[in-house]
Amino acid sequence: MNDITDIKRALASSVQRVAEYLLPQGKREGHEWEVGSISGEPGKSLKVHLTGSKAGLWMDFQTGQKGDLIDLWQAVKNETLTQSLADIRKWLGMKEPELVNRPRQYSRPKTPGTPVRQDTPVDDYLTKQRKISPEAIDAYRVGFQDRNMVFPSYRNGELIFVKRIGIDRTPEGKKVVSVEANCEPCLFGWQAISDNARSVTICEGEIDALTLYGKGFPALSVPFGGGTGAKHAWVETEYPHLERFETIYLCFDQDETGQKAVVELVERLGRHRCRVVDLPAKDPNEWHLRGGTFSDFAAAFVAARSIDPPTLRNADDFLAEVLDLFYPPGGVEPGMPTAWNKIGNRLRFRPGELTVWTGNTGCGKSQALGQSIVQWVMRGGRCLLASLEMRSARSLERMVRQMTGMAYPPKPYIEAAMDRLSEGLWIYDLVGKAEVKELLQVCDYARRRYGVEIFVIDSLMRLGVSTEDYTGQEAAMLEMVSFAVSRNVHIHLVAHSRKNRMEGIPSPGAQIKGSSAIGDNAFNVIEVTRNFAKEKKLAGGATPESIQEEHDGGLVVQKQRNGTWTGQVRLWFDSASQQYLEGWAHKPTPMFEWSGHVQDF
């Protein structure tokens, strides 16, 4: 783009070379380049900073002159800002992109109108009704034609565009506006802007430009008002002329049309140099008529805001979050723990994350997740289960066994368990293939309406992406991760293992079937293992008592991006209750109290 900001940055990165070029008779003393004056004779009065955050700043302590390297270039060469910027670009070897396009042929207006005279209807309207100063009228060369205000747009002394606005409105209250046909779209007010100005204001109307000039802020007005699209055809022709401004204040109407224009112009003119001025009135002239003073306007410009990309934030914005990470509210890190006390808080499923659960077919991934879902609901969590490989009722049947600790609980106990689950569990009722976008739309609805914060998707292979389509798998992962982060929720995703390891020994790394992007993009990766070796011993005639201390399976935390612990825990499986127990001597226990239950667990 090579606007003034780029030029300043390039000069500052070569500050000594610039100083040597402009002031060759100077010499370096410590961190400064010293010379007698702008004229360049030897001496120590003028000093240019060569290092640190002040690199490029200079001051002549004899005369009081000071500025940056562009100011120095102007002063040494006695050039206008525009001349110096062109000179500097050439010296730095900066070139603008050369775009091939057939240049348009524009007409030039024939007359700028007669300069406004006192005691005319236009003068009365401007000075008495709009309270515009005669100095502003003269500076902008406002003309008149009968009862029409004539606003001429000059650039570099040439008349480019003329706009006429009647001081009388139609019976419907609309302005009567006309422009000469086929003229180049041009900002109104260049004639009032200093050739050396490095900041400028752009506003929505000519009257507002005159008002702002009277408040000490010479302004340009767009030719066709606010809005978007074709309203800003002027940007194409004016862009090169705006490159010299380091700061562009956008002082548009405070209505919807004006603010739409602001959003578009920030994008096109550059976020880095645009500042938005917010006023306590519809537009500058209205605020002026309501008594807005010089200091009021000055304060509004000092408070002008930038519109940063939503993803660009200052480190200070995160102070509260960082403090919470060091000292979590209530002493516990946000998120849900696992279903097993032996893991404790070493692993937590935090908002804004995605966890992949992997392992061999039949190793118990869905059962382990089901037990976790029950625990999360018991702790007040709100979950949505998309069990795409199993009927919803079958999934709930297993959860009820895990909740009650019984293979066949009494009907009232089942009803009580279902009642507790209904407090925090929703079901995506589909067995088969679900497109990622469609599924996430339902998740988004559940998040907004029911406050669901935990989503379980079982499994990746049912999301319409082939196991051989690595690009599609990566795209699906990125969509789900983006959803989790943007909605501040946690997604648990089941993904099958790449290898069918029968020995039950955890792999040295996450062996997820498919693209490496699955594990790479996950925040946490948990492998569920099953001790097939123990089962072989039982099949070979070993008694259950002789091998009861050998674990039936376990969890291996392969990755925890926002935590410090990885490792494994051993678990024992109770087939009647479908619970994973923490020790070989542990017994299944109910997860909630039920007054009608009298059996001994």
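Residue numbers start at 1 and run along the sequence shown.
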Fill in the blank from the handout: Contacts of E41 meeting side chain to side chain contact (heavy atoms under 4.5 Å, CB included) (sequence neighbours excluded), chain-then-number -> S37, S39

Exercise for the section: Any chance you could measure I307, atom CD1, to L265, atom CG, to the nearest 0.5 Å? Expected result: 10.0 Å

Exercise for the section: Check whether NZ of the Lys or CZ of the Arg K231 lies under 6.0 Å from the centre of the six-membered ring of F224 and within 45 degrees of that ring's axis. Expected result: no

Exercise for the section: Decide yes or no on side chain to side chain donor-acceptor pair (under 3.5 Å) for Y450 and R382, but give the supporting numbers first. Expected result: CA-CA 8 Å; Y450 298 113; R382 292 185 160 228; over 6 Å; no

Problem - Within 6.0 Å of CZ in R117, more than 12 heavy atoms from elsewhere - result: no

Problem - Which residues share a salt bridge (Lys or Arg N to Asp or Glu O under 4.0 Å) with K44, sequence neighbours left out - result: E34

Exercise for the section: Under the salt bridge (Lys or Arg N to Asp or Glu O under 4.0 Å) rule, collect the residues that match up with E474, sequence neighbours excluded. Expected result: none

Exercise for the section: Measure the shortest side-chain to side-chain distance between L22 and K77 over non-hydrogen atoms and say whether it is less than 4.5 angstrom. Expected result: yes

Handout entry: Shortest non-hydrogen separation from V489 to V452 and the atoms involved
Key = CG1-O, 3.9 Å

Practice task
Applying side chain to side chain donor-acceptor pair (under 3.5 Å), run through W190 and E238 and close with a yes or a no.
Solution key: CA-CA 11 Å; W190 283 112; E238 292 285 32; 2.9 Å; yes

Handout entry: Separation between CZ of R244 and CZ of R198, rounded to the nearest 0.5 Å
Key = 10.5 Å

Exercise for the section: Evaluate the side chain to side chain donor-acceptor pair (under 3.5 Å) criterion for residues D195 and T80: first the C-alpha distance (whole Å), next the side-chain angles of each, then the deciding distance (0.1 Å), finally the verdict. Expected result: CA-CA 6 Å; D195 289 340; T80 66; 5.9 Å; no

Handout entry: Student check: side-chain heavy atoms of L85 and L81 closer than 4.5 Å
Key = yes

Completion exercise
Taking every heavy atom of F161 against every heavy atom of C186, the minimum-distance pair comes out as CB-CB, 3.9 Å

Practice task
Could you tell me whether R28 and E20 make a salt bridge, using a distance below 4.0 angstrom between a side-chain N and a carboxylate O?
Solution key: no

Handout entry: Nearest heavy atoms of P112 and V150, plus distance in Å
Key = O-CG1, 3.0 Å

Exercise for the section: Using a cut-off of 6.0 Å, state whether more than 12 heavy atoms not belonging to D317 lie near its atom CG. Expected result: yes

Handout entry: NZ/NE/NH1/NH2 to OD/OE distance under 4.0 Å, K437 and E479
Key = yes

Handout entry: Test log, rule side-chain contact (heavy atoms from CB on, under 4.5 Å), inputs H490 and E453
Key = CA-CA 6 Å; H490 198 106; E453 57 199 351; over 6 Å; no

Exercise for the section: Kindly indicate whether the side chain of V122, heavy atoms from C-beta on, has any atom under 4.5 Å from the side chain of D146. Expected result: no

Handout entry: Any side-chain donor near an acceptor of the partner, N156 and H241, under 3.5 Å
Key = no

Problem - Pairs where residues 72-93 contributes a residue and the test ring pair (Phe, Tyr, Trp, His ring centres under 6.0 Å) is met, not counting sequence neighbours - result: Y21-W73, Y21-W91, W73-W91

Fill in the blank from the handout: Hits for ring-ring contact (aromatic ring centres under 6.0 Å, His included) against F144, two or more places apart or cross-chain, chain-then-number order -> none

Problem - Any M477 side-chain heavy atom under 4.5 Å of D520 side chain - result: no

Problem - CD on Q83 to CD1 on I88, rounded to 0.5 Å - result: 11.5 Å

Exercise for the section: Just grab all the side-chain hydrogen bond (donor to acceptor under 3.5 Å, both in side chains) pairs involving residues 295-304, residues at least two apart or on different chains. Expected result: T293-S295, T293-D296

Problem - Heavy-atom closest pair, residues G143 and P152 - result: N-CD, 4.5 Å

Problem - Side-chain heavy-atom pair E243, I4 within 4.5 angstrom cut-off - result: no

Problem - Within-4.5 Å side-chain heavy-atom neighbours: I454 and L384 - result: no

Practice task
Give the minimum heavy-atom separation between T5 and D3, together with the two atoms involved.
Solution key: N-OD1, 2.9 Å

Fill in the blank from the handout: Minimal heavy-atom distance between V485 and F523, with the atoms involved, is CG2-CZ, 4.1 Å

Problem - R275 NZ/CZ over Y249 ring centroid, <6.0 Å and within 45° of normal - result: no

Practice task
Look at the side chain of N285 and the backbone N and O of R130, then say whether any donor-acceptor pair between them is shorter than 3.5 Å.
Solution key: yes

Completion exercise
Residues passing the salt bridge (Lys or Arg N to Asp or Glu O under 4.0 Å) test with E267, sequence neighbours excluded, are R271

Fill in the blank from the handout: For F188, the ring-ring contact (aromatic ring centres under 6.0 Å, His included) test, sequence neighbours excluded, returns Y140, F151

Exercise for the section: With sequence neighbours left out, write down each residue that passes side chain to side chain contact (heavy atoms under 4.5 Å, CB included) with Q25, or none if nothing qualifies. Expected result: P42

Handout entry: Basic-acidic side-chain contact under 4.0 Å: R108, E158
Key = yes

Practice task
Would you please say whether a donor-acceptor pair under 3.5 Å links the side chains of K215 and H288?
Solution key: yes

Exercise for the section: Could you tell me the separation between the CG atom of D253 and the NZ atom of K260, rounded to the nearest 0.5 Å? Expected result: 14.0 Å

Exercise for the section: Return yes if some donor-acceptor pair links the side-chain N/O of S306 with the main-chain N/O of D308 below 3.5 Å, else return no. Expected result: no

Practice task
Considering only NZ, NE, NH1 and NH2 on the basic side and carboxylate oxygens on the acidic side, decide whether E32 and K27 come within less than 4.0 Å.
Solution key: no

Fill in the blank from the handout: Sorted by chain and number, sequence neighbours left out, ring-ring contact (aromatic ring centres under 6.0 Å, His included) with F217 holds for F301

Exercise for the section: Before accepting this row, confirm whether a basic side-chain N of the pair D87/K90 lies closer than 4.0 Å to the acidic partner's carboxylate O. Expected result: no

Fill in the blank from the handout: residues 199-208 vs side-chain hydrogen bond (donor to acceptor under 3.5 Å, both in side chains), sequence neighbours excluded, gives K163-E206

Problem - Heavy-atom side-chain proximity of D324 to P329 below 4.5 angstrom - result: yes

Practice task
Give the intermediate values and the outcome of side chain to side chain donor-acceptor pair (under 3.5 Å) for residues E353 and N562.
Solution key: CA-CA 9 Å; E353 293 184 349; N562 292 322; 2.8 Å; yes

Exercise for the section: Please round to the nearest 0.5 Å and tell me the distance separating atom CD of Q74 and atom CG of N196. Expected result: 4.5 Å

Practice task
Please step through side-chain contact (heavy atoms from CB on, under 4.5 Å) for the pair T114 and Q145, ending with a clear verdict.
Solution key: CA-CA 7 Å; T114 303; Q145 189 179 50; over 6 Å; no

Practice task
For residues V276 and F252, determine if any side-chain heavy atom of one lies less than 4.5 Å from a side-chain heavy atom of the other.
Solution key: no

Handout entry: Pairing residues for P240 by the side chain to side chain contact (heavy atoms under 4.5 Å, CB included) criterion, not counting sequence neighbours
Key = none

Exercise for the section: Would you give the length of the straight line joining atom CG of L57 to atom NE2 of H49, rounded to the nearest 0.5 angstrom? Expected result: 6.5 Å

Handout entry: Heavy atoms of other groups near K175 NZ, more than 12 under 6.0 Å
Key = no

Problem - Electrostatic pair D68:K8 at N-O distance under 4.0 angstrom - result: yes

